[in-house]
Amino acid sequence: MTTALERARALDAADPLAGLRLEFELPVDDDGSPQTYLCGNSLGPLPRAARDRVVQVLDDWGRRAVRGHHDGPRPWLESHAPFAAPLAALVGADPADVVLMNSLTVNLHLLLVSFYRPDAARSAILLERGAFPSDQYAVESQVRLHGLDPAQCLVYAEPRPGEDALRSEDVEALIARHAPRLALVLLPGVQYRTGQVLDMERLTAAGRAAGAVVGWDLAHAIGNVPLALAEWGADFAVWCSYKYLCGGPGALAGAFVSERHRHAFGLPRLAGWWGHDRHTRFEMGPQFVPMPGAEGWQLSNPPVLAMAPLAASLELFQRAGAERLRAKSLALTAFAHDLLDTRLAGRVECLTPRAPAARGCQLSLRVTASRAVARRSFEALLARGVIGDWREPDVIRIAPHPLYNAYADVAVFVDTLAGILEGE
Ligand SMILES: *Cc1c(COP(=O)(O)O)cnc(C)c1O
């Protein structure tokens, strides 16, 4: 009988993207032995080329100091600009509508200031009950900023009792029920706990048909699943770059603002000099004239050092190609499902939907025995150098990433977990 690892090795040998793994420094145990890293949903590993990118900025700074804004191979003045095209490709947008800036929650606040404009008729926001805490806090605090009561304004979409995933038809029905009072629909492209990919096209259409603004949090979606924000008609989106994008811890985040709002200069916004028209920015006038598109929401001159690693990672995404990445991602999770079914049926259940369109890299697993066994198993995996992460109350998340994970990583994970559970 062929073992899981033998099957995995055969799949790796035939994988056209297998070589990209060598472009990363993958984490090692304290004794230097390689780990099985399946935690890119939380923090992507280091692309090797990122070191040179960072050192180059340091060199430019050392050699040129203030001249570095204008001189050198990559002048800092427009340092955010080269990111727009590759990021726009990943989210399915025009580069004019995408910007790299700040961190995710900051961008969410900036865009809520502009796009959550409650009035007497419409003040409700639809979000999900299990929203990532930062999104929940951001939304609640924005509601309060308008002198409104979150208890009155927030409408929650949630899975049916006994289910883990949201059903599109339920979210649609909720949107329709609250349509006349709905100001904003704010949902995640991929739910962080379950790994479910929401039907962004369908729910964007539903939100807009209800007369609401539609925003997406793509923290777990960018670099993970295909996105087409412009085609779907979303109003805005935000994301971070340290998860699937491998931009480094606390990496700069992104924002998308629909073409429909590209010249909406009358929208209220929090302004800063870097959002001012680049042609007249250095005339230093008192009158704020925003740039068209997403760049008009920038506040400060960008942290060039912090941006550098992301450039290395985005080059790898471009080299791999979105279609090949998605195909490998689906094959990796299908392989994982298959092994879990044959090795751990009844003992481990998967919360992530099976349908390819509803899953990305991440699989969220629940050990059926008990929460205590699940927690012990998770700790035992870590002790054996198999790195996933834990989400309360009882979820083990793994995310085989097509850029750097091998099928063998999936086989090692399932073999190790099976061994641990047999010892329980
Ligand atoms: C990871 C994540 C965040 C993190 O926010 P930061 O501002 O980058 O710290 C926010 N929202 C969601 C849905 C996330 O998955």
Side-chain angles (χ1 to χ4, degrees), residues 38-45 83 87 90-91 99-113 115-116 125-142 154 156-159 164-166 171 184-198 200 203 214-225 227 229 234 236-256 270 297-300 302-303 306-307 309-310 313 351-352 359-364 388-392 395-399 401:
L38 295 166
C39 207
N41 54 313
S42 190
L43 182 70
F83 291 93
L87 290 173
L90 289 172
V91 298
V99 68
L100 181 72
M101 61 179 187
N102 311 313
S103 49
L104 186 159
T105 309
V106 173
N107 290 344
L108 182 56
H109 273 300
L110 291 176
L111 295 182
L112 286 173
V113 162
F115 293 106
Y116 176 55
I125 301 178
L126 184 145
L127 68 167
E128 41 142 11
R129 176 77 67 193
F132 194 90
S134 204
D135 300 41
Q136 175 82 33
Y137 307 155
V139 164
E140 278 193 25
S141 59
Q142 289 275 342
L154 301 186
Y156 293 100
E158 56 192 326
D164 291 298
L166 284 164
V171 184
L184 171 70
V185 173
L186 180 69
L187 290 168
V190 175
Q191 214 286 340
Y192 78 99
R193 219 170 63 83
T194 64
Q196 177 190 11
V197 182
L198 272 67
M200 290 172 263
L203 297 178
V214 179
W216 290 99
D217 183 327
L218 303 178
H220 283 263
I222 189 165
N224 178 9
V225 294
L227 300 167
L229 290 176
F236 71 88
V238 293
W239 58 87
C240 54
S241 309
Y242 48 84
K243 294 171 180 166
Y244 292 95
L245 287 191
C246 308
L252 284 217
F256 159 85
L270 295 180
W297 272 266
Q298 294 177 109
L299 295 178
S300 302
M307 283 177 167
L310 182 61
S313 158
L351 282 58
T352 314
R359 70 175 203 262
C361 299
Q362 178 183 318
L363 295 182
S364 299
D389 70 1
W390 175 266
R391 278 294 170 266
E392 295 296 345
V395 176
I396 296 174
R397 301 187 303 179
I398 58 159
H401 191 311

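One-based numbering, in listed order, for ligands and for the atoms of each. Remember, it's a predicted structure, so these values are computed and weren't measured experimentally.
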For Tyr244 and His401, take the angle between the two ring planes, folded into 0 to 90°, and tell me which bin it lands in: parallel under 30, tilted 30 to 60, perpendicular over 60. tilted

Indicate yes or no for a side-chain donor-acceptor contact from Thr194 to the backbone of Leu351 under 3.5 Å, with no hydrogens or angles considered. no

Arg359: what forms a salt bridge (charged side-chain N to carboxylate O under 4.0 Å, His left out) with it, not counting sequence neighbours? none

Counterpart residues, ring-ring contact (aromatic ring centres under 6.0 Å, His included), relative to Tyr192 (two or more places apart): Phe132

Applying ring-ring contact (aromatic ring centres under 6.0 Å, His included), name anything that partners Phe256, two or more places apart in sequence or on another chain. none

Of Asn41, Val395, Ile396, Leu38, which is the lone residue that meets side chain to side chain contact (heavy atoms under 4.5 Å, CB included) with Asp389? Asn41

Could you check ligand 1 for N or O atoms lying under 3.5 Å from protein N or O atoms and list the pairs with distances?
from     : atom 1 : to     : atom 2 : distance (Å)
ligand 1 : 5 (O)  : Thr105 : OG1    : 3.4
ligand 1 : 7 (O)  : Thr105 : N      : 2.9
ligand 1 : 7 (O)  : Thr105 : OG1    : 2.5
ligand 1 : 8 (O)  : Tyr242 : OH     : 2.7
ligand 1 : 11 (N) : Asp135 : OD1    : 2.7
ligand 1 : 11 (N) : Asp217 : OD2    : 3.2
ligand 1 : 15 (O) : His220 : NE2    : 3.0
ligand 1 : 15 (O) : Lys243 : NZ     : 2.6

